[in-house]
Amino acid sequence: MVCAAQQNVAEENRKKVLIVDDHPIVIEGLTDLINKEEDIVVCGWAKDIPQTIQAIRKLKPDVVTVDISLENESGLDLMKDIKTRFPDLPMLALSMHEESLYALRAIRAGAKGYITKQEATKDVITAIHNVLQDRLYLSETMKEKLLYSLIGNDESDVVSSPIDRLTDRELEVFSLLGRGKGTRQIAEQLCLSVKTIETYRSRIKEKLNLNSGSELLRYSFQWASRQDKTWFPTI
């Protein structure tokens, strides 16, 4: 069920923001921040891909903020879907993950900007305004990295993590492994075969230079524990 904000936005001359997130506290914090502005207002919320598509069609937002890590779905997949269905709708990616890991993936998926949830309380309004004006919102470091990526030069001064070598799907499998999911569980969640997930695991081991399944699990657990941070907005 799509959740619409409880106010008559049709009577206000403000740009409409749709928030896609599965954390109520994050939604509440972002809504309070955005609704304090004179030119933008939250028109509704969604927590998964079907709700988001329905909300876009019903509420016709001017911009969508998308959490990279939805509970059982990939925010990157959602952004790719939005880009295909609504190519002119700007998106801003929000994530608990550090910018260096997901920002370029989000831009390639169709986002106009990327902001971490730790920064959102002070920068999200600026980011939304930039995206609405069709301007890219990234740190200067990530803009440089994006430029080198576009021209096919990986020899920039921006140091890449081994995780950057993974494709979006491989990173998703790696992340799920780190959160204790088994091969069959991952296959069911991603609607793929067990054999396909095993192939992804083999590719991940090769790209990360790991020698065994146990090394892969240990590495993924360590990585997930570093990434698993909760953001509580302070208003």
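Quick note: numbers below take in every heavy atom, side chains included, and nothing from hydrogens, waters or symmetry partners. Start at 1 with the first residue, then count along the sequence.
- The distance from atom OG1 of Thr126 to atom CZ of Arg135, rounded to the nearest 0.5 Å, is 9.5 Å.
- Here salt bridge (charged side-chain N to carboxylate O under 4.0 Å, His left out) pairs that include residues 80-90, with residues two or more places apart or in two chains, are Lys80-Asp168, Asp81-Arg85.
- Rounded to the nearest 0.5 angstrom, Arg201 CZ and Ile186 CD1 are separated by 7.0 Å.
- Counting non-hydrogen atoms of other residues, nucleotides and ligands closer than 6.0 Å to CD of Glu38 gives a total of 12 or fewer.
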Residues Ile40, Val63; criterion side-chain contact (heavy atoms from CB on, under 4.5 Å); working and verdict: CA-CA 10 Å; Ile40 53 178; Val63 62; over 6 Å; no
side-chain contact (heavy atoms from CB on, under 4.5 Å) assessment of Asp62 paired with Val17: CA-CA 6 Å; Asp62 297 291; Val17 182; over 6 Å; no
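- Put simply, CG on Leu59 and NZ on Lys16 are 6.5 Å apart, with the number rounded to the nearest 0.5 Å.
- Within the model, atoms CD1 of Ile128 and OH of Tyr137 stand 10.5 Å from one another, a figure rounded to the nearest 0.5 Å.
- Every residue meeting the side-chain contact (heavy atoms from CB on, under 4.5 Å) condition with Lys205, not counting sequence neighbours, appears here in chain and number order: Leu210, Leu216.
- For Thr199, there are no side-chain hydrogen bond (donor to acceptor under 3.5 Å, both in side chains) partners two or more places apart in sequence or in a different chain.
- What you find for Leu18 and Ala46 is that their closest heavy atoms are CD1-N, 4.4 Å.
- A donor-acceptor distance shorter than 3.5 angstrom exists from the side chain of Asn35 to the backbone of Val42, with no hydrogens or angles considered.
- No hydrogens or angles considered: a donor-acceptor pair under 3.5 Å links the side chains of Ser175 and Arg179.
- The salt bridge (Lys or Arg N to Asp or Glu O under 4.0 Å) test applied to Asp67 returns Lys117, not counting sequence neighbours.
- Applying the side-chain hydrogen bond (donor to acceptor under 3.5 Å, both in side chains) test to Thr84 and every residue at least two apart in sequence or in another chain returns nothing.
- Side-chain atoms of Leu76 and Leu171, non-hydrogen and from C-beta on, never get closer than 4.5 Å to each other.
- The nearest pair of heavy atoms linking Val131 to Pro90 is CG1-CB, 3.4 Å.
- In this structure the side chain of Lys47 never reaches within 4.5 angstrom of the side chain of Ile27, judged on heavy atoms.
- The line from CD1 of Ile68 to OH of Tyr102 is 7.0 Å long, rounded to the nearest 0.5 Å.
- Applying the side-chain hydrogen bond (donor to acceptor under 3.5 Å, both in side chains) rule to Ser74 yields no partners; only residues at least two apart in sequence or on another chain are considered.
- With sequence neighbours excluded, the residues forming a salt bridge (Lys or Arg N to Asp or Glu O under 4.0 Å) with Lys112 are Asp134, listed by chain and number.
- Between the side chain of Arg14 and the backbone N or O of Asp39, no donor-acceptor pair lies under 3.5 Å.
- Not counting sequence neighbours, the partners of Phe174 by the ring pair (Phe, Tyr, Trp, His ring centres under 6.0 Å) test are Tyr219, Trp223.
- A salt bridge does not link Glu206 with Arg203: every distance from a Lys NZ or Arg NE/NH1/NH2 to an Asp or Glu carboxylate oxygen is 4.0 Å or more.
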Check against side-chain contact (heavy atoms from CB on, under 4.5 Å), Leu30 and Leu94: CA-CA 11 Å; Leu30 286 175; Leu94 278 82; 3.8 Å; yes
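- Contact of the Leu208 side chain with the Ile163 side chain is registered, since non-hydrogen atoms from C-beta on lie closer than 4.5 Å.
- Residue Pro61 comes nearest to Ala55 through the heavy atom pair CD-O, 4.3 Å, listed as atom of the first residue, atom of the second, then distance.
- With sequence neighbours excluded, the residues forming a salt bridge (Lys or Arg N to Asp or Glu O under 4.0 Å) with Lys207 are Glu170, listed by chain and number.
- Residue Gln189 holds its CD atom at 5.0 Å from CG of Leu176, rounded to the nearest 0.5 Å.
- With contacts defined as side-chain heavy-atom distances shorter than 4.5 Å, the pair Lys181/Val173 does not qualify.
- Looking at Leu166 and Arg105, their side chains come closer than 4.5 Å, going by heavy atoms from C-beta outward.
- Pairs passing the salt bridge (charged side-chain N to carboxylate O under 4.0 Å, His left out) check and including a residue from residues 184-200, sequence neighbours excluded, do not occur.
- Closest non-hydrogen pair, Leu136 versus Asn130, comes out as O-OD1, 4.2 Å.
- Here the shortest heavy-atom pairing between Ile197 and Thr183 reads CG2-CG2, 3.7 Å.
- If you chain together hydrophobic residues whose side chains sit under 4.5 Å apart, Leu177 and Phe221 fall into the same group.
- Remark: Ser95 pairs with Tyr114 by the side-chain hydrogen bond (donor to acceptor under 3.5 Å, both in side chains) rule, at least two apart or across chains.
- Arg169 has its side chain within reach of Leu190: a pair of non-hydrogen atoms, C-beta onward, lies under 4.5 Å apart.
- For the residue pair Ala111 and Met79, the shortest heavy atom distance occurs at CB-SD, 3.8 Å.
- Shown are Thr31, Thr65, Asp21; of these, the side chain to side chain donor-acceptor pair (under 3.5 Å) with Trp45 is made only by Thr31.
- A ring pair (Phe, Tyr, Trp, His ring centres under 6.0 Å) check over residues 191-215, counting only residues at least two apart or in different chains, returns nothing.
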